[in-house]
Amino acid sequence: MKADHALLPQGLQVRSWHFRNRVVMPPMVTLRDPVSADGIAWYRRHAEGGPAMVIIEATGVPRFERDLTAAALQPLVAAIHGAGALAGIQLFPVDFGTDRDVGVLTRGEIAGIVAQFAVAARICREAGMDAVEPHGAHGYLLNRFFSPADNPRRDGYGRSLADRMRFGLEVVRAIREAVGEDLMLFYRHTPVKDGSYGLDESLPFARELVAAGVDVLDISPSSFEAPGDRAAPFRELGVPVVAVGNLDLPGRAEEALSEGRADLVAVGRGQIADPDWAAKAIRDDWSAITACTKCNRLCFGNLRRRVPIACSVWPGASAEA
Ligand SMILES: Cc1cc2nc3c(=O)[nH]c(=O)nc-3n(C[C@H](O)[C@H](O)[C@H](O)COP(=O)(O)O)c2cc1C
């Protein structure tokens, strides 16, 4: 039975986009090509399970200058929309699985990456996507530019907070300039990195991101073992915030909303373990959910082994691999 006061089932309007409820499927690298038949089947199944939005996994912006055309993306977007969910995609500054050294990237290369984000966003808009999300979290390139412990630069992209914010802000401004108001712009940021930065720097950064055109802040702790949602302090910035991290446990997601810590909740491994997690949580039918055991064997484990992710409790995950 659905409690009358439940917030999970309530819709949310973000500019012209309607979220049918408060559940988001966060970006998760599958090591299936998202535009392949397997990839499309994966995302269709997860959209059918009831979340308001599915964010497609971290996808390197260089790919949009190669094979990721609007035509290639359209069937994937149609599969997600056909199941009633909004479609977003996380944009990654380099091909996923490769990396660049913060200290040696030239200013020209930084400008090149910023331009590639703009190209990618334009193609996503053309493909009918609802949102793009630069991956600024988890110790990857954009996050390392922000992090003083990881950024040795002295050229306007390092040292002061204003300079460490620059790369991320340039990405956001370039996307906004490329697509106008036609896409929602999410930004994923890790709020605290021990020994490097804290909320005293993350909050001013988030404020600048919003001023530069970010519509939704996706606040993700740096470790999947971190104790859940850390989005609450960002709610004062005037845009919806997404909380993520172990919110699949009964009551946790609803509590994050009812206690005012988030506007949207992202459930990752919980929705891999039970693709119908959202529908069941929304009707308050927790006993029907096949719970994620947090074994991390075939999701994170397969990522480490570089084979398509699967799940020890959802057999459907490997059937599509
Ligand atoms: C297999 C796997 C792949 C992931 N890939 C990404 C990714 O592409 N981008 C990202 O920002 N986070 C990624 N994450 C992190 C999730 O989006 C999420 O933040 C994390 O799993 C914590 O949420 P959970 O406790 O609900 O699983 C990944 C997680 C898993 C399990």
Side-chain angles (χ1 to χ4, degrees), residues 8 22-34 39 42-43 46 49 51 53-61 63 88-99 131-144 168 186-191 216-231 241-253 255-256 262 264-275 277-278 281 289-314 317-318 320-321:
L8 272 176
R22 302 302 180 95
V23 182
V24 171
M25 173 120 176
M28 285 181 287
V29 168
T30 59
L31 296 181
R32 293 158 172 78
D33 182 352
W42 173 273
Y43 284 105
H46 286 287
M53 179 182 221
V54 172
I55 304 181
I56 298 155
E57 66 203 77
T59 304
V61 289
R63 237 195 113 174
I89 186 166
Q90 189 179 59
L91 300 177
F92 198 68
V94 292
D95 283 316
F96 195 81
T98 69
D99 204 358
V132 293
E133 174 181 86
H135 192 339
H138 304 170
Y140 289 111
L141 193 64
L142 287 176
N143 186 232
R144 292 205 307 279
F186 282 47
Y187 192 96
R188 190 167 243 210
H189 178 67
T190 295
V216 177
L217 291 164
D218 181 2
I219 301 301
S220 179
S222 58
S223 155
F224 64 91
E225 284 167 357
D229 56 308
R230 298 281 181 82
V241 301
V242 184
V244 65
N246 295 312
L247 289 172
D248 57 311
L249 305 175
R252 282 273 180 89
E255 200 181 271
L264 292 161
V265 289
V267 171
R269 289 164 294 169
Q271 290 194 85
I272 296 178
D274 188 341
W277 189 95
I289 290 177
T290 306
C292 168
T293 60
K294 306 286 152 62
C295 71
N296 296 323
R297 268 192 320 117
L298 304 179
C299 55
F300 281 115
N302 280 10
L303 276 193
R304 274 194 298 273
R305 288 185 285 275
R306 295 183 174 268
V307 294
I309 66 166
C311 180
S312 54
V313 299
W314 182 45
S318 30
E320 286 153 11

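We count ligands from 1, going down the list as the structure has it; atoms in each ligand are counted the same way.
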If you measure every N/O of [X] against every N/O of ligand 1, is any gap under 3.5 Å?
{"X": "Gly268", "result": "yes"}
{"X": "Lys294", "result": "no"}
{"X": "Cys299", "result": "no"}
{"X": "Asp248", "result": "no"}

Only heavy atoms of [X], strictly under 4.0 Å: list the atoms of ligand 1 that pass.
{"X": "Ala58", "value": "8 (O)"}
{"X": "Pro26", "value": "17 (O)"}
{"X": "Gly245", "value": "23 (O), 25 (O)"}

Ligand 1 versus Val267: contacting region, heavy-atom distance under 4.0 Å: backbone

Among [options], which one puts a heavy atom closest to [atom]?
{"atom": "atom 8 (O) of ligand 1", "options": "Ile55, Ile219, Thr190, Val29", "answer": "Val29"}
{"atom": "atom 29 (C) of ligand 1", "options": "Trp277, Phe300, Tyr140", "answer": "Phe300"}
{"atom": "atom 22 (C) of ligand 1", "options": "Val244, Leu298, Leu249", "answer": "Val244"}
{"atom": "atom 12 (N) of ligand 1", "options": "Arg188, Gln90, Met28", "answer": "Arg188"}

Test your reading of the model: is there a side-chain donor-acceptor pair from [X] to the backbone of [Y], 3.5 Å cut-off?
{"X": "Asn302", "Y": "Pro308", "answer": "yes"}
{"X": "Gln271", "Y": "Val24", "answer": "yes"}
{"X": "Gln90", "Y": "His135", "answer": "no"}
{"X": "Asp218", "Y": "Arg188", "answer": "no"}

For ligand 1, is [X] a contact, meaning one of its heavy atoms is under 4.0 Å away?
{"X": "Leu303", "result": "yes"}
{"X": "Ala137", "result": "no"}
{"X": "Ser220", "result": "yes"}
{"X": "Asn246", "result": "yes"}

Min side-chain heavy-atom separation [X]-[Y] under 4.5 Å:
{"X": "Trp42", "Y": "Ile272", "result": "yes"}
{"X": "Lys294", "Y": "Phe300", "result": "no"}
{"X": "Asn296", "Y": "Arg304", "result": "no"}

Results of ring-ring contact (aromatic ring centres under 6.0 Å, His included) for Tyr187 - residues two or more places apart only: Phe205

Side chain to side chain donor-acceptor pair (under 3.5 Å) against His189, all qualifying residues, sequence neighbours excluded: Ser202

Parallel, tilted or perpendicular: rings of Tyr140 and His138 (30°, 60°): tilted

